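Below you'll find the structure, written out as structure tokens, and then a few comments.
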Amino acid sequence: MSKHPISRKFFYQGTLDLAYNLLGKILYKETAEGLAAGKIVETEAYLGIDDRAAHSYGNKRTKRTEIMYGEPGYVYTFEMHTHCLVNVVSELEGQPEAVLIRALEPITGLELMYERRKVQKEKELTNGPGKLTKALGIIKQDYGCHFSERPLYITEGEILESISSGPRIGIEKTGEARFYPYRFWETGNRFVSK
DNA sequence: CTGCTGATCAGCT
DNA sequence: GCTGATCAGCAGA
């Protein structure tokens, strides 16, 4: 298990493959307060212009989705309901697809996470997309960074024994898209959001 | 400028 | 399981 960021080459694979292969990797965030990191245990794929649940559905190119059209591996953050969510841009330039990181298993900087989250239970630290960003100190200003460079980066992690898949969460109003099995998680991991 | 819509969370029942 | 918080981004005028 190396501690330096993963190669940029890693991100050049299909969105569904990337969502699957990100599981087990370690996500790091360096801030002035210290280092925090967790193993990725849950992801969701958003497949661009034909996926009604994606921000880029219908080829909607705006200031917010612009980053999704770029090279893979860039950080796409956005805010909703006062929470910040973090995505990994995937696919080649011109194809606006991304993978949402939904849950982590805390590994490094637990003390910092408890301080930021103000909760008692370890499970509550990172078992949701808005929770893990707060625990690691990921903010919308990380938009446009790259996951192979500090301060927000991914490293090799562990090989997982079993991975499950199923429908995505929180997109009930998007017609057929709500049924697509584009959510992946480590089978049985207690930090998975549902 | 105005109004609407969430890829969520916490707290209550 | 249900509801409200609370605001950026976008569409329409």
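Just so it is clear, the structure is predicted and the values come from calculations on it, not from any experiment. Chain naming here is simple, since letters A, B, ... match the order of the sequence lines and numbering starts at 1 in each.
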Exercise. Is there a donor-acceptor pair under 3.5 Å between the side chain of Ser56(A) and the backbone N or O of Asn59(A)?
Worked result: no
Seminar exercise, completed: Nearest-nucleotide check on DNA chain B, Val86(A) vs Glu124(A); residue mapping nearer the 5' end is Val86(A)
Exercise. Is there side-chain contact between Tyr69(A) and Val89(A), with at least one heavy-atom pair below 4.5 Å?
Worked result: no
Problem set entry | His83(A) side-chain proximity, nearest of dA8(C), dA7(B), dC9(B) | dC9(B)
For this session: Whole angstrom is fine here: how far is it from NZ in Lys60(A) over to P in dC10(C)?
Result: 7 Å
Exercise. Whole-Å distance between dG6(B) C1' and Glu172(A) CD?
Worked result: 12 Å
Problem set entry | Rounded distance in Å - NZ (Lys131(A)) to C1' (dA10(B)) | 8 Å
For this session: Using a 4.0 Å heavy-atom cut-off across all strands, classify Arg168(A) as base, sugar-phosphate, or nothing.
Result: nothing
Exercise. Would you say Lys134(A) reaches dT8(B)'s phosphate, i.e. side-chain N/O to OP1/OP2 under 4.0 Å?
Worked result: no
Exercise. Is the CZ atom of Arg150(A) crowded by more than 12 outside heavy atoms at less than 6.0 Å?
Worked result: no
For this session: Give one of base, sugar-phosphate or nothing for Glu44(A), where a contact means two heavy atoms less than 4.0 Å apart.
Result: nothing
For this session: Using side chain to side chain contact (heavy atoms under 4.5 Å, CB included) as the criterion, point out the one residue from Leu22(A), Ile6(A), Leu27(A) that pairs with Phe147(A).
Result: Leu27(A)
For this session: Check the distance between dT8(B)'s P and Leu132(A)'s CG and give it to me in whole angstrom.
Result: 12 Å
Exercise. Which is true for Thr174(A) with a 4.0 Å heavy-atom rule: it touches a base, it touches only sugar-phosphate, or it touches nothing?
Worked result: nothing
Seminar exercise, completed: note: Leu85(A), atom CG; dC9(B), atom P; distance rounded to Å ~ 7 Å
Exercise. Under a 3.5 Å cut-off for both distances, is dC1(B) Watson-Crick or wobble paired, and to whom?
Worked result: dG12(C)
Exercise. Does a donor on one side chain and an acceptor on the other come within less than 3.5 Å for Arg168(A) and Thr174(A)?
Worked result: no
For this session: Quickly work out the Arg178(A) CZ to dG6(B) P distance and round it to whole Å.
Result: 13 Å
Exercise. Closer than 4.0 Å, any side-chain N/O of Arg102(A) to the OP1 or OP2 of dT8(B)?
Worked result: yes
Exercise. Should Arg117(A) be listed as having a side-chain N or O under 4.0 Å from OP1 or OP2 of dA10(B)?
Worked result: yes
Exercise. Heavy-atom count around Phe10(A) CZ within 6.0 Å, excluding the residue itself: above 12?
Worked result: yes
For this session: Assess whether atom CD of Glu161(A) is packed by more than 12 heavy atoms of other residues, nucleotides or ligands within 6.0 Å.
Result: no
Exercise. Are the aromatic rings of Tyr74(A) and Tyr76(A) close, with centres under 6.0 Å apart?
Worked result: no
Exercise. Which residues within residues 179-194 of chain A lie with some heavy atom under 4.0 Å of an atom in DNA chain B?
Worked result: none
Seminar exercise, completed: Side-chain contact check for Lys63(A): nearest option of dA7(B), dT6(C), dC10(C) is dC10(C)
Problem set entry | Closest listed nucleotide, where the reference is the side chain of Thr62(A) and the choices are dC9(B), dC10(C), dA7(B) | dC10(C)
For this session: Assign Ile171(A) to base, sugar-phosphate, or nothing according to its heavy-atom contacts below 4.0 angstrom with the strands shown.
Result: sugar-phosphate
Seminar exercise, completed: Glu79(A) CD to dG9(C) P, in whole Å, measures 7 Å
For this session: Send over the distance from His55(A) NE2 to dT8(B) C1', rounded to a whole Å.
Result: 12 Å
Exercise. Tell me, do Leu136(A) and Met113(A) make a side-chain contact under 4.5 Å, heavy atoms counted?
Worked result: yes
Exercise. Given that both distances must come in under 3.5 Å, which nucleotide forms a Watson-Crick or G-U wobble pair with dA7(B)?
Worked result: none
Exercise. Where the side chain of Phe78(A) is concerned, which of dA10(B), dA7(B), dT8(B) is the nearest nucleotide?
Worked result: dA7(B)
For this session: Kindly confirm whether the side-chain ring of His81(A) is stacked on the base of dT8(B), judged by centres under 5.5 Å and planes under 30°.
Result: yes
Exercise. Taking the side chain of Lys173(A) as its heavy atoms from C-beta onward, which of dA7(B), dG6(B), dA11(C) lies nearest to it?
Worked result: dG6(B)
Seminar exercise, completed: Ranking Thr65(A) and Met80(A) by the position along DNA chain C of their nearest nucleotide, the one closer to 5' is Met80(A)
